[in-house]
2 protein chains.
Amino acid sequence: MAYLDVGTVDQGVAASHNGARLCTPGKASFSEFGGKGSRHQTHSVIFFEGDPVKRLYELVSGSVMLYKLLPDGRRQVVEMLRPGDIFGLAGGEEYDCTAETLTDSEVHEIDLRQVERSDDLQRTLTKCLTNQMRVLHEHAVLLGRKSAIERVASFLMHLVPNRGGVVCTGPREDGEDSYDLKLHMTRQEIADYLGLTIETVSRVVSDLKRRGVIRVDKADKIHLNRVCGLCQMTGMH
Amino acid sequence: MAYLDVGTVDQGVAASHNGARLCTPGKASFSEFGGKGSRHQTHSVIFFEGDPVKRLYELVSGSVMLYKLLPDGRRQVVEMLRPGDIFGLAGGEEYDCTAETLTDSEVHEIDLRQVERSDDLQRTLTKCLTNQMRVLHEHAVLLGRKSAIERVASFLMHLVPNRGGVVCTGPREDGEDSYDLKLHMTRQEIADYLGLTIETVSRVVSDLKRRGVIRVDKADKIHLNRVCGLCQMTGMH
DNA sequence: CGAAACCTTGACTTAGGTCAACAAAAGTGG
DNA sequence: CCACTTTTGTTGACCTAAGTCAAGGTTTCG
C-alpha cells in the first residue's frame, strides 16, 4: 500500500456524517467565481497575524496551518486546513492568525469586495465556515479535556478517511484494519496543534509503537496496525 | 456602581478591534427576516448534541453555552454566547453540541429552509460565523497554551467591555480602573469552559483575592480592583 | 563530510488533578 | 420563619500526567 498524502485524504467530518461533503475538494467551489491562483512552497507564510485583510483564500491542494502566538513565544496551531477549506476571513481588519504551508500548496485568492458582492459565494462560505466551526468545537474538547494519548490517537484517526469523525464506519468489509499515513508535520507542529510539548508527542508515539498499535517507518511515515484499536484510545468510544 | 449583567455586556472582539460590531445586539439582525421568538428559563436545554437540525437560533437576550460531552462524562463548554450570536448551524444533520441557557433567555428561531433562501440572511450569517470563529481561535490558545491563572484572568477580562480583545483600550479617561461583574455561571461551568477542574478555578479565584486583584462579594459577584493588573495576567501582554 | 535541524530518551520537577472534609448558600416543607 | 436537605464552593493533603532540562542519536542538506 502506498503512503497516502495527508493533503489528499478525504476526511471531512460531514462526509463521514451524512455522505455529502460541503466543501468538496477536487470539485470546484470557489474557482468558478474567478479570482487568481497562486503556489507556495513548503513552510512559507501566506499571511501573518496582524496583517491587513485584503483577500480570502481557498486551499486548492497541499496543506496549510493557522496558528497564533503569545508574546512569550508559546504557539497554538488553531486549524489544520485541507483542500476545499477557506481561510483569511477574520471579521476585522487584520488577520487573527498566521497562515503557513506545511507542504507545497496551491491556493486560490478571491478579492474581498468580490466576496461581498456575490450571493453564491456567500452561500458557499456559510457552508465552509459551519464545517470549520464543528472541527473547532471538536478541537476544543481535545485541548480542554483529553489526555496526551487521547490527543495523539485522535490526531492520527483524523488522517484516516471516514474514521476521524463522530461516526466511525468500522473496519473495512474485507476485515483489513491497517492504514499507512504520511504526516508532513514536524513533532513541534504536532505538539503545537495538540497543546503538548515535543517530548510528550515523541513519548506517546513511542508508547503506541511499543504497544503494537502503530509502526513508525520514518518519523513522518506511520503505519497504523490496528485502526480500531487506535480509535478506542481517542476518548470518544 | 451596579453589578452589570454578563448578558448585557457589550464585548465583541470586533468592537474592541475596529469599532464596528458585526452581530450587533439590540439592533435587529435576524428578527427582520421573520421567524418566531421563544423564551427559555435558566438552565434549560434548547437542543441536545445529536438532535436533528431543524432551525437556526439567534440569542436575543440572556446567555447560552454550547458544550460537548465525552462518553465518560467529561464536558467541554465550547462557546459562551451573548446577544446577537447565532447558533444551531451544524453543517450536518445533527447538532454537534448541546445548547443550554445560563440565564433566562430569549431566542429567535429561523427555519433552515428560509435561511437557505435569503441572501441577506446568508450575508449576516457569514459575518456572525467569522466573528465566532475568531473567538474560537482565541479560545484554542487559552485551552492549549495558557496556565490556570492566565485562563481565569482571560475569562474575567472578557467580561469587561472593550478590554477582553486583542486590543486593550487601557484604563478609562478618569483613571478609574475597577469594574463590577456578575458571572451567572457556577464554578463547574467556568471550569468546563476553561478546561480546568472546579477546585483549580476556586483556588485561582482565592489566589487573585489574596493578591488584592479582585474582591469576591458573592461567589458570582466579583469586583475587579485593578483591571489593568488583571489584564497583565492573561498571558497576552 | 560536516553542520544544522529534528527526534528520542532519561532524570527530575511541578502545575494541576484527585480525594476528602467542611463551610456556606439556596431550596423545601412544616 | 425555622429546621433540614441539597447544592455549590473552599481548602488541605497528596498524587500524577505532563513539563523541563539535558544528553545523545538520526536525518537532512549544503
Short side-chain N/O contact from A:Thr200 to OP1 or OP2 of D:dA18, under 4.0 Å: no
Between B:Thr103 and B:Ser63 (side chain of the first, backbone of the second, donor and acceptor by atom type, cut-off under 3.5 Å), is there such a pair? yes
Between A:His139 and B:Gln76, a side-chain donor and acceptor under 3.5 Å: no
Minimum-distance nucleotide to A:Thr186 side chain [options: D:dG9, C:dT8, C:dC7]: C:dC7
Phosphate oxygens OP1/OP2 of D:dT11: is one of them under 4.0 Å from a side-chain N or O of B:Ser206? yes
Grab the CD-P distance between A:Glu189 and C:dC7 for me, whole Å please. 8 Å
Between D:dA18 atom P and A:Arg151 atom CZ, what is the distance in whole Å? 7 Å
Between C1' of C:dT8 and CD1 of A:Ile190, the distance in whole Å: 14 Å
Would you check if the distance from the ring center of A:Tyr95 to the ring center of A:Phe87 is below 6.0 Å? no
Roughly how many Å is it from CG in A:Asp220 to P in D:dT28, rounded to a whole number? 8 Å
Between atom CD in A:Glu199 and atom P in D:dA22, what is the gap in whole Å? 12 Å
Quiz item: B:Arg187 side-chain donor-acceptor pair to D:dT11 base, under 3.5 Å: no
Interatomic distance where NZ belongs to B:Lys209 and P belongs to D:dT10 [whole Å]: 6 Å
Report yes if some heavy atom in the side chain of A:Leu69 is under 4.5 Å from a heavy atom in the side chain of A:Thr98; otherwise report no. no
Considering only side-chain heavy atoms of B:Leu196, which listed nucleotide, D:dG19, C:dG17, D:dT10, is closest? C:dG17
For D:dA17 and A:Ser147 - does any side-chain N or O of the residue sit under 4.0 Å from the phosphate oxygens OP1/OP2? no
How many Å lie between CZ on B:Arg145 and P on C:dG16, as a whole number? 13 Å
Compute the centroid of each ring, for A:Tyr193 and then for A:Tyr67, and state whether the two points are separated by less than 6.0 Å. no
Can you find a side chain N or O atom of B:Thr197 that sits less than 4.0 Å from OP1 or OP2 on C:dG17? yes
Is the phosphate of D:dT8, meaning OP1 or OP2, less than 4.0 Å from a side-chain N or O of B:Lys218? no
Heavy-atom donor-acceptor pair, B:Arg203 side-chain to D:dG9 base, under 3.5 Å: no
